[in-house]
Every structure is written in structure tokens, then in C-alpha cells.
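To find a chain, count down the sequence lines: A is the first, B the second, and so on, and within it residues start at 1.
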There are 2 protein chains.
Amino acid sequence: MPTATFRNLPRAKQEAIITAAVAEFARSPYDQASLTKIVAQAGIAKGSMYQYFENKRELYLYILNMVYAEKRQYLKGVFEDDSDFFATLKRYYRRSYLFAKEYPLYHRIITHYWDYCAEFEEEIKSSRELKANEFIGMLEAAIRTGQANSGINKDAAFFVYHSVGKELIENFLELSQTDQQQHLQFIDQVLDVLESGLRARKE
Amino acid sequence: MPTATFRNLPRAKQEAIITAAVAEFARSPYDQASLTKIVAQAGIAKGSMYQYFENKRELYLYILNMVYAEKRQYLKGVFEDDSDFFATLKRYYRRSYLFAKEYPLYHRIITHYWDYCAEFEEEIKSSRELKANEFIGMLEAAIRTGQANSGINKDAAFFVYHSVGKELIENFLELSQTDQQQHLQFIDQVLDVLESGLRARKE
DNA sequence: CAGACATGTGACTGGGTGGTCACATAAGGA
DNA sequence: TCCTTATGTGACCACCCAGTCACATGTCTG
């Protein structure tokens, strides 16, 4: 969505703008982020920004797309071998955690995006539906191979994984100073709860 | 936290102010809510508001306290008979749902409060800890009576219930037009997932 | 009635925002 | 060289906000 003018910019200038925007959108959610601060940080005039992007929203969506492209790239490979359903889920959440560690600004942009429901409602809803279909597909395969419990409601199962994943991501922010190994262990324990259930097993 | 002046106000005027504030804080999260709109809606001057409350934050906390007091009242009784751990949890979430239905504005205020992390961080953290202790106490009792799996990590279990509960509450908003019976059923199914776990049981 | 005190008021301040536009500068072609 | 077109600029606009304060109005007391 950026204009041709933006795409023809020298790389250094493009990157200055992107870096400034990433910093600001990581610092504050969309509505609190300040275009004025972004252009100041990037060292360009406000009018110039409006020659590169139609408005604040378009700039935001551009940055968001970039961030998500990076994350998709980072998570590529997690789903390649999905023979073990529960191992795949653990790989997914562990790798998401490592992404947050490696790209903390990108990670903050994503959490702000999910928090901020008012705008982007449709965008969030449609990407949620996509995730749901992927998950349910995997779950059905796991049921066929006897790994997963066939008695549970699939939508409910997705709902559970989705909400826990969302909250895990949010928590990664707060606990950023402590030990990484401890975090990964906690992720595993949370997923163990979802796998085993709270009711005692008499197996 | 309101001043004596506010407490001495005729009941009708107090209620007009409270009603206006509730409506605005339900409409928008704290930082987007407009004091100007509240005083306009309540039919008082801005200066008057500052004789009743020190500032916007104090007004907000007053409303929030009121809302939570109502919710506590509403949920009273859910934990009275906690002999069946899983039944108690279902009662809790079902009743929370009914609260959201009965007091939709209060419900929105609460979800906005949880969404808005920037301010009120400490408040949220401490109330979360309180909830955690309650939950873990119940869980330990359930483990002693053999209802609950002793192998799982208790903090992880709380984390799971907390995040799922949070997301359930958020979802109640969106789905408000459809059938109530269907919602309650979905809540049960979600809790069944947490109870049974996704892994197949060979019992 | 007069004076003291409590309460009510809304124009105003200072600060922020996203977005615009007349103008300045640079680039490129004839 | 000159003219056209593309790009850069920042003062400015309209709007919103929380909070203040000099003043007006009401109320109670001596």
C-alpha cells in the first residue's frame, strides 16, 4: 500500500522510516501511536509521509504486514512434520516464544494489534478463522490416528488453544528478564495441562 | 474516593453522574473515554465534576469499584459448595456469563479494564494473584480428594483457566444476539476440554 | 438582613492529534 | 539554458482532550 514514491526512495531513507514506525507502533497501540513522533524520529517532514502512505492506517497496515511476514518466515517448518499432534503444538508455542525474544519490537506490535479490537475487527476475525481451520484440520488428523480424544468439541478445543496461546504471548512481555529455560518449561507445562486435562486419569 | 460534596448530593444527581460515567466507560476504554462527554450527558458543569472527584482516574476507579462490588455480589454463592471441583468451575463461568447478560454495561467496563494494560498494571496484577491463590487452593483440595490430576503444574493450570476465562468473557460481547442456551453449552464444552484434556483417554 | 461559606459554572489554558496545502527545491528532458 | 514535473517541507487547520479558576449562585448562621 505504500506509493511508488516510497518504493523508489533510497534504501536508507526507507529503512529510517520503517525503523521509526516500528519503534512507535511497538511503544504504543495504534490509536496512541503518534505520526508526529514517527516523522520526527525518521527525520522527514510530515507532508512527505503523506506522499509515501495515504494515511496513518495505511502506514500501520504496511508495518503490520511486514512484521507478520517475518513471523510466518520464522515459524515456517514448525508444521512440516505433524505426525505427533502434541509435539507439533509444543514446537509451535516454543518457537513463537523464541520469536518474541528475537524480535521484541515486532512481538509488541503484534500483541498491541490483538489487544486493540475497536479498529481492525474484521482483519482479526478473518485471521482467527484461518487459524481455526488449520488447527481443526490437525486435530481431526490426530483423532483419526488415535492420539486425540474424539469426545471433545473441536471448536471448543480451538477456543482453548487460541486463548491460552494469546495469553502466553502477552505474558512473554512481562517476564522478559528471567531465565529463558524457565519460560520454555512453563510453556511445556501449560501445554501438558491442555493435553492431559485436569481430571485425574485412571490409566 | 469521591469527596464529601459528592456524597451529600441528592440521590438523583448522584445517579445521573454515575449513569453517565458508566455509559461512557462502557463505550470506551479509560483513555478514550471523555470526561467532557460524561459531564455533558450528566447535565453538570465540568468544574463541578472536579469538586466531586479529584480527577478522571478517581472517577474511573470509583465506577470500577462499584461495578466489581455488584459482580462479587452476583457471584456470591458459587463457591459455597465446592465439593465437586469441576462442577464449581462450571457454575462460576456460567454465572459470569449470566452477569454479562444482565449487566452488559458493567461487563463492558470490566473487559475494557482488563484489556487496557498500560495504566492499572499493579491493580490488575494484584487481583490476578488473589484469584490465583483461590484457584490453587481449590485445586489442591480437588487433588486430595482424587478428583484432579496430581501430575500437573498448578500455576500452569491456573494460567490455563485464567486465560480461557478471560477470552470467554471477551467473546460474550460479540455473540450477544444468538441463543443463550447455545452459549452456556459452549462454555460447558470449553470446560470439558480443560477437564478431560485433548489426549485420548484409555479408561 | 448581612455576611460567611459551600457549591456550581463554563470560558479558557496548554497540549496533543491527524491531515492539508501553498510554496520551495530538485530532477530530468528538450 | 529553461521549463515541466516530481518530491520535500513545515506552518497551519480543525478538532479533541483533562484540568483550572475567577466569578456567580445558593445556603446556612448569627
Side-chain angles (χ1 to χ4, degrees), chain A residues 1-64 112-113 116 118-120, chain B residues 1-64 112-113 116 118-120:
Chain A
M1 295 97 157
T3 60
T5 312
F6 179 75
R7 283 192 299 270
N8 293 333
L9 241 40
R11 201 158 291 254
K13 196 168 182 178
Q14 269 189 43
E15 269 166 21
I17 292 167
I18 290 175
T19 304
V22 163
E24 180 63 11
F25 287 130
R27 201 179 67 87
S28 314
Y30 173 71
D31 59 329
Q32 279 173 48
S34 160
L35 243 175
T36 310
K37 280 177 192 157
I38 294 175
V39 297
Q41 169 68 31
I44 62 167
K46 208 177 217 178
S48 300
M49 189 61 106
Y50 282 87
Q51 289 203 314
Y52 307 147
F53 297 91
E54 206 184 323
N55 51 34
K56 184 183 174 183
R57 197 173 206 274
E58 289 299 315
L59 168 62
Y60 180 71
L61 291 176
Y62 174 72
I63 297 292
L64 195 69
H112 279 147
Y113 171 64
Y116 189 57
E119 210 128 351
F120 315 117
Chain B
M1 296 99 154
T3 62
T5 311
F6 179 75
R7 282 191 300 270
N8 293 333
L9 242 41
R11 202 158 292 254
K13 197 167 182 182
Q14 269 188 42
E15 267 166 21
I17 292 168
I18 290 175
T19 304
V22 163
E24 180 64 10
F25 288 129
R27 202 178 66 89
S28 314
Y30 174 69
D31 59 329
Q32 281 174 46
S34 159
L35 244 176
T36 309
K37 278 178 193 156
I38 294 175
V39 298
Q41 169 69 33
I44 63 169
K46 208 177 216 178
S48 300
M49 190 59 105
Y50 282 86
Q51 290 203 313
Y52 307 147
F53 297 91
E54 207 184 322
N55 49 36
K56 185 183 174 182
R57 196 175 207 272
E58 289 300 314
L59 169 63
Y60 179 71
L61 291 176
Y62 174 72
I63 297 292
L64 195 68
H112 278 146
Y113 171 65
Y116 187 56
E119 211 128 350
F120 315 117

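Every residue was checked against the side chain to side chain donor-acceptor pair (under 3.5 Å) condition with A/Glu54, not counting sequence neighbours, and none meets it. Taking the salt bridge (Lys or Arg N to Asp or Glu O under 4.0 Å) definition, one finds that A/Arg57 meets it with A/Glu119, A/Glu123, sequence neighbours left out. For A/Ala26, the side-chain contact (heavy atoms from CB on, under 4.5 Å) criterion is met by A/Leu105, A/Arg108, A/Ile109, not counting sequence neighbours. For A/Ala42, the side-chain contact (heavy atoms from CB on, under 4.5 Å) criterion is met by A/Ile17, A/Ala20, A/Ile44, not counting sequence neighbours. Scanning for side chain to side chain donor-acceptor pair (under 3.5 Å) contacts around A/Lys46 gives A/Thr36, with sequence neighbours left out. Checked against side chain to side chain donor-acceptor pair (under 3.5 Å), B/Asn55 has no partners two or more places apart in sequence or in another chain.
Against DNA chain D, the stretch residues 36-48 of chain A makes heavy-atom approaches under 4.0 Å through A/Ala45, A/Lys46, A/Gly47, A/Ser48. Of the residues in residues 2-35 of chain A, those placing a heavy atom less than 4.0 Å from an atom of DNA chain D are A/Thr5, A/Leu9, A/Lys13, in numerical order. Taken residue by residue, residues 49-61 of chain A places heavy atoms nearer than 4.0 Å to DNA chain C at A/Tyr50, A/Asn55, A/Lys56.
Evaluation of the salt bridge (charged side-chain N to carboxylate O under 4.0 Å, His left out) test over residues 9-21 of chain B, restricted to residues two or more places apart or in two chains, returns none. Sorted by first and then second residue, the pairs that involve residues 19-34 of chain B and meet side chain to side chain donor-acceptor pair (under 3.5 Å), not counting sequence neighbours, are A/Asp31-B/Gln32, A/Gln32-B/Asp31, B/Glu24-B/Arg27.
The distance from the CD1 atom of B/Ile63 to the OH atom of B/Tyr113 is 14.5 Å, given to the nearest 0.5 Å. Here NZ of A/Lys56 is found 8.5 Å from OH of A/Tyr50. Values are rounded to the nearest 0.5 Å.
When DNA chain C is scanned in the 5' to 3' direction for atoms under 4.0 Å from non-hydrogen atoms of chain A, the outermost contacting nucleotides are C/dT17 to C/dC21.
Note on ring orientation: taking the six-membered ring where Trp is involved, the planes of A/Tyr60 and A/Phe25 are perpendicular (angle over 60°, cut-offs 30° and 60°).
Aromatic ring centroids of A/Tyr52 and A/Tyr62 lie 6.0 Å or more apart.
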